[in-house]
Colleague: 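Before anything else, here's the structure in question.
Owing to the predicted nature of the structure, the values given are computational and were not obtained by experimental measurement.
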Amino acid sequence: MPVSKEFAVLLEDRPGTLGRMCRALAEREVNIVAFQSVPSEGKGLVRFVADNPATARKALDNEGLSDVGQAVAILDRTAAAA
């Protein structure tokens, strides 16, 4: 089973903060393949899996965003259905 990096980033609950993070990833041609966001004490906890974890890490670093993510197993449901 393939393993990838799940990023977990705590963002300020202000207009544009999620857009800024996504724009930084897009500018480096990083695609988000899984995404979840939940409110947490006046902030937003964003968890996501990217198609290029190394480049995603650099994009987050350049934006001054820290991540507390972990390795996760990636399930390929299309292969299971075949």
Colleague: Side-chain contact, heavy-atom cut-off 4.5 Å: Phe48 with Val9?
Modeller: yes
Colleague: Going from OG on Ser66 to CG on Asp61, what distance comes out if it is rounded to the nearest 0.5 angstrom?
Modeller: 9.5 Å
Colleague: What pairs of donor and acceptor atoms, side-chain ones from residues 21-35 against any protein atom, are under 3.5 angstrom apart with sequence neighbours left out?
Modeller:
| residue | atom | partner | partner atom | Å |
| --- | --- | --- | --- | --- |
| Arg28 | NH1 | Ala24 | O | 2.8 |
| Asn31 | ND2 | Asp51 | OD2 | 3.1 |

Colleague: Please round to the nearest 0.5 Å and tell me the distance separating atom CZ of Arg47 and atom CD of Glu6.
Modeller: 5.0 Å
Colleague: Can a donor-acceptor pair be found, under 3.5 Å and without considering hydrogens, that links the side chain of Thr55 to the backbone of Asn52?
Modeller: no
Colleague: Any side-chain heavy atom of Phe7 sitting closer than 4.5 Å to one from Leu60?
Modeller: yes
Colleague: Give, for atom CG of Leu10 and atom NZ of Lys43, the distance between the pair rounded to the nearest 0.5 Å.
Modeller: 5.5 Å
Colleague: Using every non-hydrogen atom in the two residues, find where Arg20 and Leu65 come nearest and quote the distance to one decimal.
Modeller: NH2-CD2, 3.4 Å
Colleague: Between Thr17 (side chain) and Glu12 (backbone), is there a donor-acceptor pair under 3.5 Å?
Modeller: yes
Colleague: Atom CG in Leu45, atom CG in Asp13: separation rounded to 0.5 Å?
Modeller: 12.5 Å
